[in-house]
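Counting starts at 1 for both ligands and their atoms, following the listed order.
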Amino acid sequence: MCPDKGRHRRPQRLCICGGGNGAHVLAPLAAGDPDWDVWIYAPFGDEADRLTEGIGRHGGLTVDTPSGPVSGAPHGVDRRAKVAAAGAGLVALVAPAFAHGDLLSAVAPHIRGNAWVGALPARGGFEFQAPALLSGKPDVTLFGLQTLPWACRIGTYGESARVLGIKDRVGVAAWPAQRAPAVAARLRRLLGLMVYPMHSMLELTLANVGQIIHPGIFYGLLHDAGDPHWAAEDVPLFYQGLTPAVADLLAEMSAEVQCLRRALEQEFRSRVRLDHVLTLKEWLLDTYSTTVADGTTLAQAFRTNSAYAGLRMPVRSGPDGEWLPDYGSRYLTEDVPYGLVVTRAIAGLAGVRTPVIDEVIIGTSRWTGAEYLVDNELIGRDIARTRVPSLYGIQDLDSLVQAVVGGATRPAVSS
Ligand code: NAI
């Protein structure tokens, strides 16, 4: 398989797409791996220039990890896909899901025919969008990570970043689905952490807990808060401020995903394996086994998770120096259209009702000004800016399972 070259071979190109927090971590880690010739594709704003300047000034990128600093310089940075992605054998999208489409379209003509192309993390519906955009490359392997392995922030742009926390283990799914073990093995070496194979990208989409946690807490904390605004010190703690009522809401959303899981497992038996679609509490205790002090209830597990300590509600400054909820936050603009709405669409195909998820989609859409659900159907004016399967010609559950889980043949999708 293409990127699994021995160390004596010429390194292959790894094209990192994006110039944000995650890219500032992945680039120096990967630059130390002799298998890869690392390039960054940064088309957004003036990021390519700022990266190039910073890397030149600093002599590379340095990331502070819990086990010490790691430094490395990418081979090149460019805002043009034809330069940064030329002949790439591995493409890593490290950007919010709403940028995936543009990034994929730009790199597609320039990568190798048998490249591995993946998103860190995939969020929902990557398995529908990516095959459509890469239809000219029938031998490409797609993959998606369940989450970004690191909680990380840029220190100085183009120079440094800090890893605040590392997940114990991260799942990866692939398309074709049976390639996941090979991808997991390769990423384990590249990322230096436990990457385990998942059964399919459908499992990945349903196991995306960010779609529950971020919109769910936002909605739970604020839906009956009137016109919230706070002094800086009063901005609510996002996780540690979780009330039992908000935890109940999250548990109900999670239960609806579990209903969908059971419905799919019953319908398709062993053909669709969804073992990694955990309840939210199971996921939290599994992922943060060492940092949750009290896992007796879901609310306590969130409130006592030291990895979440001090993290506040996303806010923006208001006209009078107060702080207002930031409804433009990715917690809503990424996790609703590229998470919850995709899951809701799959539930619709499966005939599974999701009243609580629907309430959260409708409530948060009022804040963002988007429209997805109308009269209980996903026909709102912004549905084209999601990744629901119908956008890619998938109208029923059989076609969906055939496209995502079925054998090695490319699914019949249209963009
Ligand atoms: P970021 O916000 O730092 O970086 C985003 C980058 O994506 C930008 O710098 C830009 O290069 C690119 N981008 C954004 N909008 C674009 C557009 N319209 N067109 C082209 N490129 C665009 O994001 P970050 O923090 O690196 O996160 C990447 C992904 O990982 C996101 O899905 C995020 O939700 C997820 N994640 C991040 C965590 C973190 O601690 N940073 C933790 C868990 C998940």
Side-chain angles (χ1 to χ4, degrees), residues 15-29 39-52 54 61 63-66 74 77-81 84-85 91-107 118-126 129 133 144-158 160-168 170-172 191 193 204-205 207-215 218 238-239 283 287-288 305 307-308 310-311 314 326 328-340 342 385 387:
C15 176
I16 298 172
C17 299
N21 299 306
H24 275 70
V25 176
L26 180 57
L29 293 182
W39 277 73
I40 300 179
Y41 170 49
F44 194 61
D46 61 355
E47 286 184 343
D49 293 340
R50 291 166 60 217
L51 274 165
T52 305
L61 287 161
V63 53
D64 273 323
T65 76
V77 178
D78 211 287
R79 60 161 47 253
R80 294 161 299 175
V91 175
L93 308 179
V94 194
F98 51 74
H100 289 171
D102 287 347
L103 294 169
L104 279 175
S105 303
V107 300
L120 290 69
R123 302 302 187 201
F126 187 69
Q129 179 188 45
L133 294 176
L145 281 196
Q146 189 184 2
T147 179
L148 196 69
W150 324 282
C152 56
R153 294 290 178 267
I154 291 169
T156 302
Y157 198 89
S160 63
R162 189 159 162 238
V163 170
L164 310 165
I166 304 182
K167 305 275 189 317
D168 293 347
V170 179
V172 69
L191 302 174
L193 53 89
L204 189 71
T205 283
N208 165 20
V209 289
Q211 65 184 334
I212 298 175
I213 296 173
H214 297 144
F218 228 116
F238 196 73
Y239 301 100
W283 175 84
T287 304
Y288 293 105
N305 182 2
Y308 290 149
L311 296 176
D326 181 7
S329 155
R330 282 198 318 240
Y331 286 5
L332 301 181
T333 58
E334 182 181 21
D335 287 303
V336 176
Y338 298 90
L340 217 43
V342 179
R385 281 194 288 266
R387 289 198 294 216

Q: Quick one: look up the protein heavy atom nearest atom 2 (O) of ligand 1 and list residue, atom name and how far away it is.
A: Arg330 NH1, 2.5 Å
Q: Drop me the distance from Leu164's CG to Arg153's CZ, to the nearest 0.5 angstrom.
A: 6.5 Å
Q. N/O to N/O below 3.5 Å, does that happen between Cys152 and ligand 1?
A. yes
Q | atom 32 (O) of ligand 1 [closest protein heavy-atom partner, distance rounded to 0.1 Å] | A | Glu334 OE2, 2.7 Å
Q | Identity and distance of the protein heavy atom lying nearest atom 12 (C) of ligand 1 | A | Ala95 CB, 4.0 Å
(Q) Quick check: Gly19 and ligand 1, any N/O pair under 3.5 Å apart? (A) yes
Q) Where do His214 and Val336 land on the side-chain contact (heavy atoms from CB on, under 4.5 Å) test, with the steps shown first? A) CA-CA 9 Å; His214 297 144; Val336 176; over 6 Å; no
Q. Against heavy atoms of Gly18, which atoms of ligand 1 measure under 4.0 Å?
A. 11 (O)
Q | Arg123, any N or O under 3.5 Å of ligand 1 N or O | A | yes
Q) Nearest to atom 14 (C) of ligand 1 by heavy atom, Pro96, Ala23, Ala48, Pro43: which? A) Pro96
**Q.** Atom CZ of Arg385 with >12 non-hydrogen neighbours under 6.0 angstrom
**A.** no
Q. So how far is it from Ile213 CD1 to Tyr239 OH, rounded to the nearest 0.5 Å?
A. 6.5 Å
(Q) Looking only at protein heavy atoms, which one is nearest to atom 18 (N) of ligand 1, and what is the separation? (A) Phe44 CE1, 3.7 Å
Q. Which ligand 1 atoms does Arg153 reach within 4.0 Å, using its non-hydrogen atoms?
A. 39 (C), 40 (O), 41 (N)
Q. So, the side chain of Thr205 versus the backbone of Gly125: is there a donor-acceptor pair under 3.5 Å, distance only?
A. yes
**Q.** Top protein contact for atom 25 (O) of ligand 1, by heavy-atom distance
**A.** Asn21 ND2, 2.9 Å
Q: Measure the CD1-CZ distance between Ile154 and Arg162 for me, rounded to the nearest 0.5 Å.
A: 14.0 Å
Q. Taking heavy atoms and a distance under 4.0 Å, where does Asp102 meet ligand 1: side chain, backbone, both or neither?
A. neither
Q: Please name the pair of heavy atoms, one in Cys17 and one in Val91, separated by the smallest distance, quoted to 0.1 Å.
A: SG-CG1, 3.8 Å
Q: Please answer whether the main-chain N or O of Phe98 pairs with a side-chain N or O of Arg387 as donor and acceptor at a distance below 3.5 Å.
A: no
Q) Roughly how far, to the nearest 0.5 Å, is CG of Leu26 from CD1 of Ile16? A) 4.0 Å
Q) Which heavy atom in Gly22 sits nearest to a heavy atom in Trp150, and how many Å separate them? A) O-CZ3, 4.1 Å
Q.
Heavy atom to atom 4 (O) of ligand 1, shortest distance: which of Ala106, Gly22, Gly20, Gly210 holds it?
A. Gly20
Q.
When you compare the side chains of Arg123 and His100, does any donor N or O come within less than 3.5 Å of an acceptor on the partner?
A. no
Q) Can you tell me which residue and heavy atom of the protein come closest to atom 8 (C) of ligand 1, and the distance to 0.1 Å? A) Glu47 OE2, 3.4 Å
**Q.** Distance filter under 4.0 Å to Ala151 heavy atoms, resulting ligand 1 atoms
**A.** 40 (O)
Q.
Counting non-hydrogen protein atoms only, what is the nearest one to atom 38 (C) of ligand 1? Give residue, atom name and distance.
A. Leu148 CD2, 3.6 Å
Q. Based purely on interatomic distance, does Thr147 place a nitrogen or oxygen under 3.5 Å from a nitrogen or oxygen of ligand 1?
A. no
Q: Specify the protein heavy atom at minimum distance from atom 30 (O) of ligand 1: its residue, its atom name, and the distance to 0.1 Å.
A: Pro121 CD, 3.2 Å
